[in-house]
Number of protein chains: 2
Amino acid sequence: MKVATVYDVAAHAAVSIATVSRVLRRPDDVRESTRERVLASVQALGYVPSASARCLAAQRTGVLGLFFPGIDDEDDGGEAPFVQDLSVSMVVDAAGGSEVAPPNLSFDGVLRGSEREAWRQGFALMVGVGRDANPADMLRDIAGRVDAVAVLAGSVPDELLKHVSRRIPVVLIGGPRRCAEMDFDHVSVSNREGMRALTAHLLENADATDLAFVAGPADSPDSAERYQGFVEALEGAGFDPATATILQGDFSRIRARRLAETLLATGRMPRGLVCANDRTALGMLDVLVPAGVRVPEDVIVTGFDGIEAGRLSTPRLTTVYQPMVELGRAAIRAMLSRIEHPDQPPITARLPVKVLLRESSEGTLPA
Amino acid sequence: MKVATVYDVAAHAAVSIATVSRVLRRPDDVRESTRERVLASVQALGYVPSASARCLAAQRTGVLGLFFPGIDDEDDGGEAPFVQDLSVSMVVDAAGGSEVAPPNLSFDGVLRGSEREAWRQGFALMVGVGRDANPADMLRDIAGRVDAVAVLAGSVPDELLKHVSRRIPVVLIGGPRRCAEMDFDHVSVSNREGMRALTAHLLENADATDLAFVAGPADSPDSAERYQGFVEALEGAGFDPATATILQGDFSRIRARRLAETLLATGRMPRGLVCANDRTALGMLDVLVPAGVRVPEDVIVTGFDGIEAGRLSTPRLTTVYQPMVELGRAAIRAMLSRIEHPDQPPITARLPVKVLLRESSEGTLPA
DNA sequence: TTGAAAGCGCTAACAA
DNA sequence: TTGTTAGCGCTTTCAA
């Protein structure tokens, strides 16, 4: 029993394959009686058009790509068995435990925004969140399947982006404006401005002049931009940025805990820990709070991202909220815009951020 | 400037298109010098193979589908402007506000699990989370693009599933074991057993005999199964299930709040509210707690799913944890297994659940 | 080790 | 309104 094709449907309905195609693509161009006959045959044969053939012929896929390599930091479950013997177990889940807590990935929002916007515009979305061995292969694979692709800035070599962009439009997500020669379209948030505003606020409103910056991975353009903002705020307030401590984190909560422990052990605790992202800040809280360090009285801790977990922590996390969902949507719109107008000048969308002042920096807030 | 094809690469390297194809698919079948020449041409021309053409010729796409229609309940942002004038704003975000809180979608885990497992196995994943007008079209569209598809049980008419399954394998996710005639592969969790265990626990350990069940949408097989478990527990304890109140929710937090308000207004408050999912239970807490109802002393509230928000609520939510990530992975494995062995008997994977007892049902738990 | 050639299933001129 | 036909870019026998 083979899969039905246009030919089968055409034969069954006693029409040509062109008519079958028309019925599916532009039904109004076909006489009603013919149309109904064809539709009946489609039903009868269980016909579903092959997208491969369709896209090959049409010279477009109707799919957009989103590539975020190396984001997922969960460890691997390995081969899990299909069947398990006990179907229910019961545990008393006391507070503090987190055995079933999923990591709150900060790009979830981007994904949702893209997803939604893509379908809204009649496109499907193909996502590659590759903790895979070879991001290059993954990106090339995706690139062959889609009409345009959005890539997390800094995640793949420019070389590769150049290569891929000879086939389809490439949009960068996040990071700084690109240097002149690489004129990819680019959507991002006001990393620098956000961090500058937050830091300046700490400098003004608290007596917090001894601030340390907890960075993300060295190759993250987003972390770099946020550091920029941090530095600018210090300079703006008349401090020498060179004297500020920099701790090397990697955006992960785990790593942040290690750093906090070191801080605690060496006793070199700054007045404020300005973290490059929320997960890092939460990792700090994980260690400091149980150790009896009062936040914000002893140490101010701030994040960046505005993830849900920061709103639910104790104390709640002062942070810079990024409109992740909007960012995803902007990426989609940039791709579509580029597809429609291949020759327009490079798009640069810079989305605004919002500094959220909460208890980790502010003392008790007014209700 | 056109996009490079095999023909361009072949001409550039002075070989046939067959050789170009070989270099990319089975490099070992080509003499090294030739291979290097071809690879150089690939680089020079910025060649990326067309997946459409490749899949058409190969008769497989290397993509798996995941279809979850009507899940996303965010409302629509509409057309947002590309550029905004202010790049940073600052707000004091007092506790209680939630203006930037994204909804914690309970299928996130399934998505992550599928994503990961698919790439692990060398497949890409195409996801359709359709709040779209027409799920049928969306599913058909996806079905044309993939080698197999996993569909949320109960989300599309059997008719359509039958149709699609004549082209590619269809795996159902969630819900009850299917009736005999429809022998789709099926992965799900122990809904019934989980709810039975939870309810039985309430019946035994609390003085909670007056329980109400807060259902999900009428057409949700998952909700139906959970209700089954609820009923069985009542019967097992010697109660008449017919006397238990059933409230008609729809899995949404909003709807649950309305129900809670009604309950409050009419004063017909049961001893325990056994909710068909966590969001419903959280919606109940949203209303009951501020109204001064003590949970669990006055009313016990329980959920189902094990979402993160239930671990962070006050009081924390007693619930039945489903291994969402595992479920996603199981769906992928089922699809692959079916692709490899088209004639094997139907797969039925039933994943175990875990009852998590927390403060919304238990009083203060031991540390 | 390489090349020639026949499809894969569909779309879109162009003709009828 | 419908049919004929020439690709779309690649894989894969089969020969050379």
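As the structure is a prediction and not an experimental result, all values here were calculated from the model.
- Separating the CD atom of A:E32 from the C1' atom of D:dT2 is a distance of 17 Å, rounded to the nearest angstrom.
- Listed pair A:Y47 / C:dC10 meets the phosphate criterion, a side-chain N or O lying under 4.0 Å from OP1 or OP2.
- The interatomic distance linking A:I17 (CD1) with C:dA12 (P) rounds to 12 Å, in whole Å.
- The listed nucleotides are C:dG3, C:dC10, D:dG9; the one nearest the side chain of B:V15 is C:dG3.
- Using a cutoff of 4.0 Å between basic side-chain nitrogens and carboxylate oxygens, B:R120 and B:E117 are scored as salt-bridged.
- At the phosphate of D:dT11, OP1 or OP2 sits under 4.0 Å from a side-chain N or O atom of B:S21.
- Atom CZ in A:R60 sits roughly 12 Å away from atom P in C:dT11 (whole-Å rounding).
- Put simply, CZ on A:R22 is 11 Å from P on C:dT11, counting in whole angstrom units.
- Between A:Q59 and the phosphate of C:dC10, there is no side-chain N or O to OP1/OP2 separation shorter than 4.0 Å.
- One finds a salt bridge joining B:R338 and B:D185 here, because a Lys/Arg side-chain nitrogen approaches an Asp/Glu carboxylate oxygen to under 4.0 Å.
- The side chain of A:V30 lies closest to D:dT2, out of D:dT2, D:dT4, C:dT2.
- The phosphate of D:dT2 (OP1 or OP2) has no side-chain N or O of A:T19 nearer than 4.0 angstrom.
- In this structure, B:R112 does not pair ionically with B:E115, as no charged nitrogen and carboxylate oxygen lie closer than 4.0 Å.
- Using a 4.0 Å heavy-atom distance criterion, A:T34 is classed as a sugar-phosphate-only contact.
- With rounding to whole Å, B:D28 atom CG is found 13 Å from C:dT1 atom C1'.
- Mapping B:R31 and B:R167 onto DNA chain C by nearest heavy atom places B:R31 at the nucleotide closer to the 5' end.
- Among D:dT4, C:dG3, D:dG9, the nucleotide with an atom closest to any side-chain atom of A:L56 is D:dG9.
- For a distance-only test at 3.5 Å, the side chain of B:Y7 qualifies as a donor-acceptor partner of the base of D:dC10.
- If you take CG of A:L45 and P of C:dG9, they are 14 Å apart, rounded to a whole angstrom.
- The interatomic distance linking B:R35 (CZ) with C:dT2 (P) rounds to 10 Å, in whole Å.
- With D:dC10, C:dC10, D:dT2 as the candidates, the nucleotide lying closest to the side chain of B:T5 is D:dC10.
- Which of D:dC10, C:dA4, C:dC10 sits closest to the side chain of B:S16 comes down to C:dA4.
- Using a 4.0 Å cut-off between charged nitrogen and carboxylate oxygen, B:E326 and B:R329 count as a salt-bridge pair.
- Regarding A:E36, its CD atom lies at a distance of 16 Å from the C1' atom of D:dT1, rounded to whole Å.
- With respect to the salt-bridge test (charged N to carboxylate O, under 4.0 angstrom), the residues A:R145 and A:D141 qualify.
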